[in-house]
Amino acid sequence: MSNPGTLHVVGAGLAGLSAAIAAAKAGTRVVVHEAAGHAGGRCRSFLDEKLGRVIDNGSHLVLGANRTTLAYARATGGIEAMVAAPAAFPFIDLVSAKSWTVTPKRLPAGIREILKALGLPWTGKAETVASRLGNTPSFTRLWLPMCEAIMNTAPDEASARMFAWTMRKALLGGSQALTPWIFPGGLSAALVAPALATLSLFGGEIHFRRRLKSVTSHSLTFDDTKIDLGPADRVVLALPPWVTATLLPGTVCDLPTRPIVNAHFRCAQPVELPHGSHFLGLVNASGHWLFARGDVLSVTVSAAGSLVDLDNDSIAERLWEEIRRALVLPPIAPPPYRIMKEKRATLAHDNRTVATRPGPVSGFEGIFLAGDWIASPWPCTIEAAISSGLAAARLGLDRPGLAF
Ligand SMILES: Cc1cc2nc3c(=O)[nH]c(=O)nc-3n(C[C@H](O)[C@H](O)[C@H](O)COP(=O)(O)OP(=O)(O)OC[C@H]3O[C@@H](n4cnc5c(N)ncnc54)[C@H](O)[C@@H]3O)c2cc1C
């Protein structure tokens, strides 16, 4: 081992957990500090007392193309709590009532459109998904829902280059790359709890309710304690960009964000989606993706815009009405529900923001940055978060080949 000091990881979201696991498994002493009373950050589950069910802050899906995520899940054993669903994405259009299924072999688009989506011919720096694909026949039924789901950004501002990169990863990687991995027992059971157990197994420590107030290359000051750093100690700050900006002024410029709204409905009985799928894409609707887990139906609204400003009852009524139409349910009032508003769910993936995501080197000796917002070809996703944590651990430990 080239660095015998301690690696302090601040923030126990997936980026922080990724850095901590990689370093601890390599034999480094690791201490994680997290402000909240739990790990997982924007990707977590909790017991909702009102619904009497464990729900996720928001339904998440990863694709087989997210290789670093799957490597992390394999290394912690969390993969056992994930299921590889068939590479088939069912959709329903709530205006026309038409339904269709997208598979790697059945894309509802012609070859010229697909090449355009893949970034060919050459995609300009200023192009948006709408300027590139907005007038194609399959825009509403394919590229629009893909763009909102992957980029959490409306097509008229989403970077066409970033979209094309994700499309190349997903569509050119065979059916394995398009395989959706889902979380039947919740996000924490797959991505958080096994990581904490692995950290503990390899001697790592984690301290909850410990908020970082200031940081230098010589010390970390939390609300209740100060830690002096030795010359061999290293720090990974795996924090949201706005927190990093206040702790290390000048390192991070203002990065705009976009919200995601999730509505979870506890139905009277378990709900089956068409074709036994775990999810259903909604087109021409406020809601974008419907997920079924037992008797809980969850709707995700990406790039949620002004919906986030509505009161919870209005959101629930609007989304429940769409569920009723999609699943042809009788006209009954919304069952008990929980609305989750993540106002800063991800960065806005417009061309300017994508170009200004900073790298992992903070400019402060021994301090490295991680988080889904760190420069990456991936948009802000689980894959970006986990990859950034691994990259920061590699830099901190000076071990370029470090793996989980
Ligand atoms: C509703 C929703 C749906 C999503 N859906 C998907 C999806 O389907 N697929 C996908 O790949 N991605 C999805 N994402 C994105 C994914 O959840 C994030 O990219 C990922 O969780 C970010 O992890 P992170 O570690 O970078 O950041 P965070 O999870 O934000 O972690 C930062 C951590 O730092 C802690 N912290 C903050 N301030 C301090 C401080 N001062 N001191 C100590 N700790 C501090 C926080 O409490 C938090 O635990 C979704 C996100 C949301 C919100």
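Note that ligands are numbered from 1 as they come in the structure, with each ligand's atoms numbered from 1 the same way. FYI, side chains are in, hydrogens and waters are out, and symmetry mates aren't considered; it's all heavy atoms of this structure.
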Assess the residue pair Ser18 and Phe404 against the criterion (side chain to side chain contact (heavy atoms under 4.5 Å, CB included)); give the C-alpha distance rounded to whole Å, side-chain angles, the decisive distance to 0.1 Å, and a yes or no. CA-CA 8 Å; Ser18 156; Phe404 289 119; 3.4 Å; yes
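Checking only distances, Leu61 does come within under 3.5 Å of ligand 1, N or O to N or O. The shortest N or O to N or O distance between Leu212 and ligand 1 is below 3.5 Å. By the 3.5 Å distance cut-off applied to N or O atoms, Ile382 is counted among the residues near ligand 1. Note: no N/O pair closer than 3.5 Å links Ala345 and ligand 1 by distance alone. Of the polar atoms of Ala385, none of the N or O atoms is found under 3.5 Å from an N or O of ligand 1, judged by distance alone. Checked by distance only, ligand 1 and Thr346 stay at 3.5 Å or farther apart across all their nitrogen or oxygen atoms. In terms of polar-atom proximity, defined here as any N/O pair under 3.5 Å, Arg42 does make such a contact with ligand 1. Among the atoms of Asp372, some N or O lies under 3.5 angstrom from an N or O of ligand 1. For ligand 1, the polar-atom distance check against His60 finds a nitrogen or oxygen pair separated by under 3.5 Å. Looking at Thr381 next to ligand 1, an N or O pair under 3.5 Å apart turns up.
Between Asp56 and Arg293, at least one side-chain nitrogen of the basic residue sits less than 4.0 Å from a carboxylate oxygen of the acidic one, meeting the salt-bridge criterion. Salt bridge present: Glu321 and Arg324 bring a charged side-chain N and a carboxylate O closer than 4.0 Å. Between Glu383 and Lys169, none of the side-chain N atoms (NZ, or NE/NH1/NH2) sits under 4.0 Å from a carboxylate O, so this pair counts as no salt bridge. One finds no salt bridge joining Glu113 and Arg141 here, because no Lys/Arg side-chain nitrogen approaches an Asp/Glu carboxylate oxygen to under 4.0 Å.
Here the heavy atom of the protein found nearest to atom 32 (C) of ligand 1 is Ala238 O, 3.5 Å. The shortest contact between atom 45 (C) of ligand 1 and any protein heavy atom is with Leu239 CD2, 3.2 Å. Distance from atom 21 (O) of ligand 1 to its nearest protein heavy atom, with residue and atom name: Cys43 CB, 3.5 Å. Annotation: atom 46 (C) of ligand 1 to nearest protein heavy atom, Glu34 OE2, 3.5 Å. Here the heavy atom of the protein found nearest to atom 31 (O) of ligand 1 is Gly13 CA, 3.5 Å. Of the protein's heavy atoms, Ala35 N, 3.4 Å lies nearest to atom 43 (C) of ligand 1. For atom 2 (C) of ligand 1, the nearest protein heavy atom (residue, atom name, distance) is Ile260 CD1, 3.6 Å.
Close placement of the Phe265 and Trp320 rings is indicated, their centers lying within 6.0 Å of each other.
For the pair Asp295 and Arg53, the minimum side-chain heavy-atom distance is below 4.5 Å. Under the 4.5 Å side-chain criterion, counting only non-hydrogen atoms from C-beta, Leu327 is in contact with Leu297. Using a 4.5 Å heavy-atom threshold, the side chains of Asp350 and Pro256 count as touching.
Only the side chain of Asn262 comes within contact range of ligand 1, with a heavy atom under 4.0 Å; no backbone atom does. Both the backbone and the side chain of Ala15 come within 4.0 Å of ligand 1, judged by heavy-atom distances. Residue-level proximity to ligand 1 for Leu247 is absent, since no heavy atom of it falls below 4.0 angstrom.
Heavy-atom proximity to Val10, at under 4.0 Å, picks out these atoms of ligand 1: 42 (N), 43 (C). Residue-ligand proximity, Gly371 to ligand 1, at heavy-atom distances under 4.0 Å covers atoms 26 (O). Using a 4.0 Å cut-off to heavy atoms of Gly41, the atoms of ligand 1 that qualify are 29 (O), 48 (C), 49 (O). Within the listing of ligand 1, atoms 38 (N), 41 (N) sit less than 4.0 angstrom from a heavy atom of Val243.
At most 12 heavy atoms of other shown residues, nucleotides or ligands fall within 6.0 angstrom of atom CZ in Arg67. Surrounding NE2 of His207 are more than 12 heavy atoms belonging to other residues, nucleotides or ligands, all under 6.0 Å away.
The closest approach between Arg210 and ligand 1 falls below 4.0 Å for a heavy atom of the residue. Under a 4.0 angstrom heavy-atom cut-off, Ser388 registers as lying outside contact with ligand 1.
Under the 6.0 Å distance and 45° angle rule, Lys98 does not count as a cation-pi partner of Phe91.
A donor-acceptor contact closer than 3.5 angstrom is absent between the side chains of Ser306 and Asp309. In this structure, a donor-acceptor pair under 3.5 Å is absent between the side chains of Thr123 and Arg161.
Evaluation of the salt bridge (charged side-chain N to carboxylate O under 4.0 Å, His left out) rule for Arg132 yields Glu127 as partners, not counting sequence neighbours.
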